Amino acid sequence: QILTDVIEEVRQSVNQDIDGAEILHSLLNASWLQSLLKALLSAHDTVAQRDYEPVLPPMPEDLPDDEEATRIVCLVKNKQPLGATIKRNDITGEIFVARVIHGGLADRSGLLHAGDRIIEVNGFPVDGMEPEQVIQVQARSQGTIMFKVVPITERPVHNQTMLYVRAMADYSPQQDPAIPCADAGMSFRKGDVLEIVDQTDALWWQAKKLPSNTACAGLIPSTNLLKRKQRDFWWSQPYQPHACIQTCKFTHISGFRRSMRLCRRRFHSTVQPSCHTRCPSSCYSALNSPYEEVVRYQRHPQDTQRLIALLGPTGVGVNELRRRLIEMNPNVFQGVVPHTTRAPRGYEESGREYFYTSREIFDNMVYNNRFLEYGEYKGNLYGTSIESVKEVLNSGKICVIDIEPNAIQAVRTHELRAYIIYVKPPPLERLKETRQESYITTNYYVNRPFKNEDFQEMEEAARKIESHFWQFFDHVIVNDELQDSCVQLLTVVRKAQDEPQWVPASWIRPTAES
Ligand SMILES: Nc1ncnc2c1ncn2[C@@H]1O[C@H](COP(=O)(O)OP(=O)(O)OP(=O)(O)O)[C@@H](O)[C@H]1O
């Protein structure tokens with residue numbers, strides 16, 4: 001109606017051939033608009049003065065001294081859960097609000113707090129009931145739910161600091177019998193970034209998974225609790241030797257040179273992992289923190305570029321993608337020249353194919369931890385030095401290397417700030433279709449077409465890599481159509497340099513250990 005009136009008013013004014021100021025003046029003087037504006041301003045003043053609470057009758061004078069102040073809390077239930085957990089005092093049988101979930105119905109009402117004693121739910125006295133029975137009473141209510149509570153007298157003040165972590169382990173509340181309320185729990189997978197919104201409780205934190213479109217947080221185990229769970233689980237598993245990134249010493253070489261790639265293949269097939277663990281999938285996390293603190297990091301244009309590290313199962317196409325990226329723009333992208341103790345061949349130049357060093361110097365570099373990866377093939381040592389990577393980065397180019405999983409820790413440093421891209425094989429059928437014209441690098445001087453066994457081995461290796469190292473991957477490329485993968489790689493490498501990313505907090509504010 002207002003719109004119609006305004007349009008009519010303007011139409012008449014336009015016909016009268018008058019200017020904008022006059023139209024505005026006559027509009028503001030219109031009596032119908034004035035009364036509307038007055039009503040609007042009055043509503044604003046009422047809300048601003050919070051003058052909308054009901055006027056309560058005065059307290060009766062003859063209240064007994066020991067009468068506890070109670071509060072009636074009436075909540076309108078929607079499809080969401082209430083967003084609070086309860087606990088029972090085993091000695092007195094009293095029921096208390098154990099915690100209020102951030103962003104949940106109870107939290108948004110502002111009327112229920114951790115520590116409030118619940119006396120009645122929908123008129124039923126709950127003292128002495130089991131928490132499950134209280135939940136049942138609550139669940140039966142339709143529309144509104146009414147609590148009679150004795151509010152906690154002194155609410156603790158918590159100065160929560162925002163904390164972001166990357167999960168280094170999987171968690172499912174449905175499979176955790178110890179969680180106070182499975183429905184209030186939040187599942188997560190290794191690699192997920194979590195915003196911890198409440199650490200008040202030593203055992204159960206509240207968190208949201210990012211990116212988050214829900215206002216409501218979920219319960220997750222605290223660092224200490226999750227560590228304890230992992231340790232218990234680890235000890236409960238049967239003993240089995242396997243590869244673990246902490247102590248395994250099978251290292252491989254990264255590079256385009258054929259002998260290095262064969263060396264890597266040789267190590268894949270012959271070297272037995274030398275470490276032991278009882279639980280392959282949580283081996284790493286059982287020994288380290290289950291959450292890694294992360295911060296949002298935006299590379300400053302004057303900072304060196306982030307190192308790009310590709311990894312994947314043998315034959316998936318890591319080198320093909322890396323080669324194509326560098327060929328696309330060699331002024332921007334560059335690989336690293338590895339070191340070797342092998343003697344140069346006639347046509348080779350030091351610093352082009354390899355840096356040729358004596359075994360003594362090579363051993364010394366190993367001793368001083370100057371290699372990201374190193375290994376031995378046919379009596380010669382090969383290695384990718386940290387210095388060579390830094391040289392490329394310092395030249396202003398983007399250094400693109402391929403690594404074996406056990407080099408992940410060596411590149412995830414404040415210095416190199418590696419962005420790790422996992423190259424994943426597509427499903428078996430797509431592997432067969434796309435690799436019809438492709439050749440696998442073999443241990444012999446012939447490259448042969450892929451066989452079914454190669455694809456199966458690739459899938460098996462991918463499963464192992466994913467189960468141990470998924471949490472460290474910044475991006476995953478499924479290498480199905482080669483052209484699509486190249487485009488994806490180029491896009492993601494640009495984003496890694498130019499857009500904010502979650503990185504370990506220790507890279508930005510280095511700690512004593514980092
Ligand atoms: N998406 C793809 N579609 C078809 N062929 C591909 C694709 N990606 C890679 N290839 C081909 O598969 C073969 C193996 O790839 P590549 O040599 O890059 O493997 P790799 O992952 O580097 O393995 P290794 O670790 O053994 O060196 C090559 O012939 C390559 O051209």
Side-chain angles (χ1 to χ4, degrees), residues 243 250-271 308-328 333 335-338 340 353-354 372-375 377-378 382-384 399-408 411 420-466 469 473 475-493:
F250 66 114
T251 43
H252 313 287
I253 313 296
S254 57
F256 290 120
R257 309 306 305 164
R258 185 185 175 88
S259 57
M260 289 186 52
R261 295 178 62 186
L262 292 178
C263 157
R264 169 177 278 185
R265 186 73 52 83
R266 200 173 95 92
F267 274 81
H268 263 300
S269 57
T270 59
V271 176
I308 302 295
L310 302 178
L311 80 115
T314 294
V316 72
V318 163
N319 274 291
E320 183 70 45
L321 287 172
R322 196 162 75 92
R323 190 177 56 77
R324 284 179 181 235
L325 183 71
I326 294 171
E327 273 175 10
M328 231 179 278
F333 305 109
V336 276
V337 179
T340 182
E353 284 83 6
Y354 294 102
L372 292 177
E373 297 182 306
Y374 70 92
Y377 179 63
K378 287 192 178 171
Y382 298 85
T384 311
C399 184
V400 191
I401 60 171
D402 70 317
I403 55 167
E404 285 295 304
N406 56 327
I408 287 177
V411 296
I420 299 178
I421 300 172
Y422 171 59
V423 183
K424 181 181 166 70
L428 197 61
E429 283 314 306
R430 290 296 300 155
L431 268 179
K432 285 181 191 167
E433 272 171 48
T434 50
R435 269 64 174 181
Q436 282 171 16
E437 310 284 314
S438 308
Y439 286 82
I440 186 166
T441 310
T442 68
N443 287 358
Y444 309 97
Y445 263 76
V446 276
N447 288 351
R448 59 160 174 77
F450 279 95
K451 294 184 194 165
N452 276 349
E453 300 92 89
D454 299 320
F455 296 140
Q456 275 152 11
E457 269 175 30
M458 203 192 288
E459 283 208 315
E460 185 52 31
R463 254 195 301 278
K464 282 190 185 150
I465 293 177
E466 288 166 29
F469 304 105
F473 302 155
H475 189 83
V476 176
I477 293 179
V478 178
N479 188 14
D480 190 327
E481 285 294 339
L482 190 52
Q483 202 51 39
D484 294 349
S485 303
C486 287
V487 173
Q488 217 186 111
L489 179 62
L490 188 63
T491 314
V492 83
V493 167

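Small disclaimer: the values here were computed from a predicted structure and weren't measured. Indexing begins at 1, ligand by ligand and atom by atom, following the structure's order.
Interface of Thr314 with ligand 1, defined as ligand atoms under 4.0 Å from a residue heavy atom, comprises 23 (O), 25 (O), 26 (O). Near Tyr439, with a cut-off below 4.0 Å to any heavy atom, the atoms of ligand 1 are 13 (C), 14 (C), 28 (C), 29 (O). Every atom of ligand 1 with a heavy atom of Ser438 under 4.0 Å away is listed here by number and element: 4 (C), 5 (N), 6 (C), 11 (C), 12 (O), 29 (O). Each of the atoms 1 (N), 2 (C), 3 (N) of ligand 1 lies under 4.0 Å from some heavy atom of Asp480.
In this structure, the side chain of Asp454 engages the main chain of Lys451 through a donor-acceptor pair within 3.5 Å. A donor-acceptor contact shorter than 3.5 Å is absent between the side chain of Arg324 and the backbone of Cys486. Looking only at distances, a side-chain donor or acceptor of Arg435 sits under 3.5 Å from a matching main-chain atom of Val316.
Between Val318 and ligand 1, a contact under 3.5 Å exists for at least one N or O pair.
With Asn479, Val478, Leu310, Asp454 as candidates, the residue nearest to atom 1 (N) of ligand 1 on a non-hydrogen basis is Asn479. Among Gly312, Pro313, Gly317, the residue whose heavy atom lies nearest to atom 15 (O) of ligand 1 is Gly317. One option in Thr434, Asp484, Leu482 has a heavy atom closer to atom 4 (C) of ligand 1 than any other, and that option is Thr434. Considering only non-hydrogen atoms, atom 22 (O) of ligand 1 lies nearest to Asn319 out of Asn319, Ile440, Val423.
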Could you go through the side chain to side chain donor-acceptor pair (under 3.5 Å) check for Glu373 and Tyr382 one step at a time? CA-CA 8 Å; Glu373 297 182 306; Tyr382 298 85; over 6 Å; no
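Residue contacts with ligand 1, taken as heavy atom pairs separated by less than 4.0 Å, do not involve Leu321 at all.
Distance check, rounded to the nearest 0.5 Å: CD of Glu404 to CZ of Phe469 gives 9.5 Å.
The shortest side-chain heavy-atom distance between Leu311 and Ile420 falls under the 4.5 Å cut-off.
For the side chain to side chain contact (heavy atoms under 4.5 Å, CB included) criterion with Leu310, the lone passing option out of Val493, Leu489, Ile477 is Leu489.
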